[in-house]
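Only one structure is covered here, and it is reproduced in the block below.
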Amino acid sequence: MDIGTIAIQLLNGLQYGLLLFLIAAGLTLIFGILGVINLAHGSFYMIGAYLAYWLSEKTGSFALAIALALPAALLLGLVVERLAISFLYQRDHLYQVLLTYGLILIFNELQRIVWGNDVHGVAVPAILAGVVEITESQSYPVYRLFISAICLLVAAAMYVAIHSTRIGMMIRAGSSSREMVQILGIDVGRLFAIVFSVGAALTAVAGMLAAPINSVYPGMGENVLIISFVVVVIGGIGSIKGAFIGSMMIGLADTFGRVMVPELSSMVVYALMAAVLLWRPSGLYGVKA
Amino acid sequence: MPPLPRSIAILLLIAVAGLATVPLVGGRFHVQLVTQIFVLAVFAMSLDLLVGFTGLVSFGHAAFYGLGGYSLAILTRDFGLVSMGATLPATLVVCGLVSAAIGWLSIRTSGVYFIMITLAFAQMIYYFFNDARGYGGSDGFYILTKPRLAIGDVTLLTLQDRATLYYMALVVLLLTAAFLWTLLRSPFGQVITALQVNEARTRALGFPIDRYKLVSFCIAGILAGLAGYLSAVQFGYVNPAHMGWRESGRVLMVVILGGSGTLFGPVLGAFVFVLLEDLLSGLTEHWLLLMGGFVVAVVLLLPKGIAGLLLSAAGRAAKSGRSAETHPDEQPSVHAIPRGGVDPILETVDLVRQFAGLIAVNRVSVKFSAGKVHAVIGPNGAGKTTLINMLSGELAPTGGHIRYKGRDIAGWSPDAISRLGIGRSFQVTNLYPSLSAFENCRIAAQSRLRSSMRFFRPASRLGAVADRAHRALARCGLGPRSQDAASALSHGDRRKLEIAMVLATEPELFLLDEPLAGMGAQESREILDLLRAVARDHTLILIEHDMDAVFAIADTLTVMVNGHVIATGPVDQVRADRAVQDAYLGHRDAAE
Amino acid sequence: MSAAAAIEARGIHAYYDTSHVLHGVDMAVGRGEIVSLMGRNGMGKTTTLRTLLGLIRPRQGQVLVHGRDMTGAPAHRVAQAGIAMVPEGGGIFPKLTVHENLIMAARPGRDGGPGWTFAHIVELFPWLHERLRHMGGNLSGGERQMLAIGRALMTNPDLLMLDEATEGLAPLIRQEIWATVRRLKARGVAVLVVDKDIETLKTIADRCVVIVKGRIVHDGTPATLAADHQMTMRHLGI
Amino acid sequence: MRSLLRTISRRDLLRQTAVAGLASAANFIPAVPAIAQKAKVKVGLLLPYSGTYAALGHNITDAMKLGLAEAGNKLGGRDFELVQLDSEADPAKAAANTNKLIVGEKVDFLSGPVHSGVAMAMAKIAREEGTLTIVSNAGANAVTREMCGANIFRTSFSNWQVCFPMGTEMARRGLKRVVSVTWNYAAGKEMIGAFREGFEKAGGSVVKEILIPFPNVEFQANLTEIAALKPDAVFAFFAGAGAVKFVKDYAESGVKAKIPLYGAGFLTDGTLPAQGAAAEGVFTTLHYADSLQLPANLRFRDAFKKATGRDADVYAVQGYDTAQLLIRAMEKVKGDTGATKELIRAMEEAKFDSPRGAWRYSKSHNPVQDVYLREVRNGDNAVVGVAEKEVSDPGTGCGMA
């Protein structure tokens, strides 16, 4: 590989990692703060993608579709939290796994009933449709750069929100003691509902942004579920910073793994996770379990 | 594991008898379907050993199931083995070895991380077979000749026959159930159950818990391989999908749905799950919606699975069935423990412990003589608990030495230190709340066996262990309460039980972290009396805030401030020390 | 007194699962009053506090906050009505800095008057000033307890409940906690305190309430409690 | 268990056992035995009706229903019943599901599946049980090679069949260095293997075979790799969502402007609306094309659209031909499903005009068919020629071939 190709592969890895981060951030937030293992997380990704497809068909504008889909995703997160997840906070992980697995089945079927079985494509908005020529043989799609920028922006916004706002402090406090936060007069139920809803919406946004480059298809949520869990675990549960580092690692490992050790590429990310856990049993930035 | 209520046991027995008749009265399809269920039940029970009894939630259990099938397929195709006598043991050995390797690596993590690392290893195995060209890749491959059991030239049975396979699966199911039932009542079973309830405590009692977890992981892996073997025999076909995360998830569903930690629950779960899939998939194209709804409903409405529902129904029917056990004789005989001849029995040299930037214990050198009561006092944050945690092995020192009878034990694991004869009690009472006081002590006493890796004889038959447990309870005045659950005891009694448990491990040196914390005056007096009695034949090191208690019981006193020892020596001498008065006792003495 | 009481329990019965812990507790804390809740371990002191705050829902009886019925209201609503609690151990958030621990809880008082501000808290515990950037998890026991009190004050409560206010603290720290309680009274905050330091409590409390097996057996001034020597011996284990 | 046995008297035990036996017998009494000639003919369909492949399952099923309806909804004069079972495209459940249809439902004919792994399990059990089976999509070569059987037929294609001709065709077009790319699973490997065989036989060379973990749809790294290798062309096989994503990524990353894309027909079949402009100019080979101007095809597409409101595709054609085969064979034996030998012969000898062209079987029960060269033009797989006429899978390893 020449330098130019390596640079582009680096870019590929980072871009893939950034998209993974957007999915994993919501998961680690829900995981770390609410203590809920949410297998249905991938379903929000799928729903986001379908909303983007459906609304851009209806409205003819991708931007407008996202503007409409975002509040819809927040609302959906809120409804799911109230109807199902809120019963799980004090329960064992096992039951969380079981219930959210049930939710996957329900969401998948609802998707089929509402949107059918076909694979759909979403057009890249015209202003972002071009490519940037990098070398004479290599070029890079503008839309992917756009996604990376958005993901970086979201990452920065999350960092600020978690570390410097009062609600961020409440959220961090709530992750160590739900009851103590309540004792201080803060409505934990509402706080948790917000966290879940935001986490779900972040994932849905990832699905929306990915819709034009990904196709939109049944079962797409499950494909990202396992990999986003891998990211969260590598980074350490509950750590946004960890999720960021973890997704960069997975993005790069996956990208270079394919090119450099193609025959082992399917195992690379799992081997990486196993190695990280053997070195640090609670992930890179996890609190010791 | 609590014994099964009679009504449920009878129901299960009837069910087994009924199932034995299926090949005689049922159609071929039902024979096949129920065989499938048996296999799934064995698989689910093997996972329940991990999830429900050892507290290890594996999300990669299907790897061993799939491996069982692949071993058979490879042995048959590449080695031409068709004898069950060869393929079955070989398969189990393969599964055992692989689970030992994966388990050895995985048990270093816990909780969700354990879930994920088992998933990671399973996915690697999955991709190995999925990508490999030699084994059919994602299309899977066939077992063209099914195993036979033969002696010489006489074929005893061939698994080609469906009814034979059915009975074989039923027998395997029953044997697996019987084996696990026995296992859980054995000393080994007691230990894994205990470590599920309270891992830190079990380690502090002297059990090398990682070894127990590993053995449990291997047993579960072998049993899953057995299920996979049967499944492969049934259809003569193996595919990497059998070891994928969906299969791991599916069997986990079966276990939780049925009720984990009950053994019979997963079996019921297998029946319900398969029959429900069979029923629902015929109803509507959108049957997975119904399945999802069912799963959600189970979680919300049946918090302990189907088994939980049955148990609570049976519990209501026969509420008075239990607890009529007689109290064994109580003879408060003080068992003699030789006083250590070495002096000092324990010594720290320049002991240091650092936490990210903070030096909690700073070059502490103290000698503790055998047969004495030593108190360590100091304001909060002085490093007392850190010191005790290093002595008991909960924390590894950053630097320095700990010499016990001349041997440097710094950095040893808590279980190894416990087995040397150093017992400890915790600041926050740390018991097995669901077990009875006697069982709490029995586990403790069991830790003095050379090994609890005994799998068949019930732990209740270990007479010497039971005696030791009873003696310890009697000594702490808990004889009459030995059958009460630890969670039902009063605060003071729980603290006594904590001491009894340590006594049951027959330590020479006894570390106590604030034994009087949270006690009222009356309870404090009782505990103090107990400690005085214990001190007659043990060396005691205790941390305590209650100065009156300390002065009443201690022979020597060590005062720590900010990680340093500022004074150590006989109580009166230290009390008179100016520096100590200024730094700690301060106005208190002046007020007296 | 009931109309003016900051908090009042009327005949509350509370359970943990199936075990009946409180058997009709009646008690009240008036405005600006220091009340000591005494009793041996396992008698229901913490349960009483938790029921008052709404963390446990009583099966019978009423909880009134400033005369308003708040039985069964969730804890955050009771807290917002002016009740603060420092649980045993303080409940400091280990992953938040000292500064964050304080400001995350800040809330104006019910009457909107000039309440406790961050500056006031630092003035009350001057050592806080140097530790503002430290993590809650790195504080010593005494520091945590004081920070917990400071944090509770940031919510501008009318009543502060302290569970095991000085448990496990060194003598010098204890004295500082008691001094703080006196200062709070001077500023009009009512305090309901649970602690084993009965001697000190007798000197600072306006009233002493003794609870035995979920029932109130004594409710009077420290003087009457001191006079009832038998009561002290029997129920407080002195 | 020890204490338990003691508490139950032996007589109780016997009584309870007897009751249990009855109870379980009641549960497991099989359905009323079918009287062979009068009962409905049962056709079992093991197809994915949920998940990623559901659209394929539905098209196959609906086209079969269409074909059967056109024949008056009779098979050899008898009423019939389609027993649909969701395969979930899960090989782990495939054996049990096949068993459910063959042994449980006692179907006379079995058809399906989409997924090769499922097909392998299905073929295994069908061979053991002797049930007449028509594979209506899965292309695993082995089904009509090593695993072939007298009772196993295929109405779709073999993976080899649709890709080998593309190798020849691309060499004919003067392409010398080609990179092939697919998912790392059996079907993908068979497809690019067959392509390589054809291409290298005709003098080309495959510079690199890229295998991507299944079902990963993140292709960017491999596209960069392809751009760096600068081959004359790329041959790709993906299906469904992967196909959509690959073709779009290929265009959007700018590689398509420099390196032309070829593929197996599934790359652009049923996926064109989602791929949009990105697919324009992609060449593929397949045994069918939507725009084939054959009378049978025009008639079929029209009827399918009327019946379902959807456009027919290659999967629908395969389902439709499955029905044709059934109808013709059952007519030959006048509805006697017991006449297995005659049924098999009837199927082997069946000749009719399929929407894809004239129908006939090879010795190993794989259709002998033209493989068309198609180019995507204006959102349609336009037929630009025949890559190879009357392609027959070699049937290596099949005893019947």
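As the structure is a prediction and not an experimental result, all values here were calculated from the model. Quick note on labels: first sequence line is chain A, next is B, and so on, each numbered from 1. Worth knowing before you read on, the calculation uses all heavy atoms, side chains too, and leaves out hydrogens, waters and symmetry mates.
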### Query
Distance only, no hydrogens: is a donor on one side chain within 3.5 Å (strictly under) of an acceptor on the other, for A/Glu109 and B/His286?
yes
### Task
May I ask you to name which of A/Glu263, A/Arg112, A/His93 has the most heavy-atom pairs under 4.5 Å with chain B?
A/Arg112
### Message
Counting heavy-atom pairs closer than 4.5 Å to chain A, which one of B/Val299, B/Val57, B/Leu252 comes out on top?
### Response
B/Val299
### Query
A/Ser266 and B/Asp131: side-chain donor and acceptor closer than 3.5 Å?
yes
### Per-residue contact mode, A/Phe87 against chain B (heavy atom under 4.5 angstrom)
side chain
### Query
Under a 4.5 Å heavy-atom cutoff, which of B/Phe59, B/Phe121, B/Trp245 has the most pairs with chain A?
B/Trp245
### Task
Assign the ring pair B/Phe217 / B/Phe64 to parallel, tilted or perpendicular, where the plane angle (0 to 90°) is split at 30° and 60°.
perpendicular
### B/Val51 portion near chain A, given a 4.5 angstrom heavy-atom threshold
side chain
### Task
Anything under 30° is parallel, anything over 60° is perpendicular, the rest tilted; go ahead and classify B/Tyr135 against B/Phe129.
tilted
### Query
Which atoms of A/Gln96 come close to chain B, meaning under 4.5 Å heavy atom to heavy atom: side chain ones, backbone ones, both, or neither?
neither
### Message
At a 4.5 Å cut-off on heavy atoms, which part of A/Leu103 comes close to chain B: side chain, backbone, both, or neither?
### Response
both
### Query
Heavy-atom distance under 4.5 Å to chain B: side chain of A/Phe107, backbone, both or neither?
neither
### Query
Any idea how B/Phe43 and B/His61 line up, ring-wise: parallel (<30°), tilted (30 to 60°), or perpendicular (>60°)?
parallel
### Message
Check whether A/Phe192 forms a cation-pi arrangement with A/Arg178 (NZ or CZ under 6.0 Å from the six-membered ring centre, at most 45° off the ring normal).
### Response
yes
### Query
Are A/Asp254 and A/Val268 side-chain neighbours, meaning at least one heavy-atom pair lies under 4.5 Å?
no
### Task
Examine whether an atom of A/Val269 lies under 4.5 Å from a heavy atom of chain B, and if so say whether it belongs to the side chain, the backbone or both; otherwise answer neither.
neither
#### Entry: Structural part of A/Arg280 lying under 4.5 Å from a heavy atom of chain B
neither
### Task
Give a yes-or-no answer on whether the side chains of A/Ser228 and A/His41 include a donor-acceptor pair shorter than 3.5 Å.
no
### Message
So which residue, A/Ile226, A/Asn108, A/Val230, A/Val276, ends up with the most heavy-atom pairs under 4.5 Å with chain B?
### Response
A/Ile226
#### Entry: Contacting region of B/Leu290 [heavy-atom separation from chain A under 4.5 Å]
neither
### Any side-chain donor near an acceptor of the partner, B/Ser248 and B/Tyr65, under 3.5 Å
no
### Query
Which answer fits A/Ile37, side chain, backbone, both or neither, if we ask what part of it has an atom under 4.5 Å from a heavy atom of chain B?
side chain
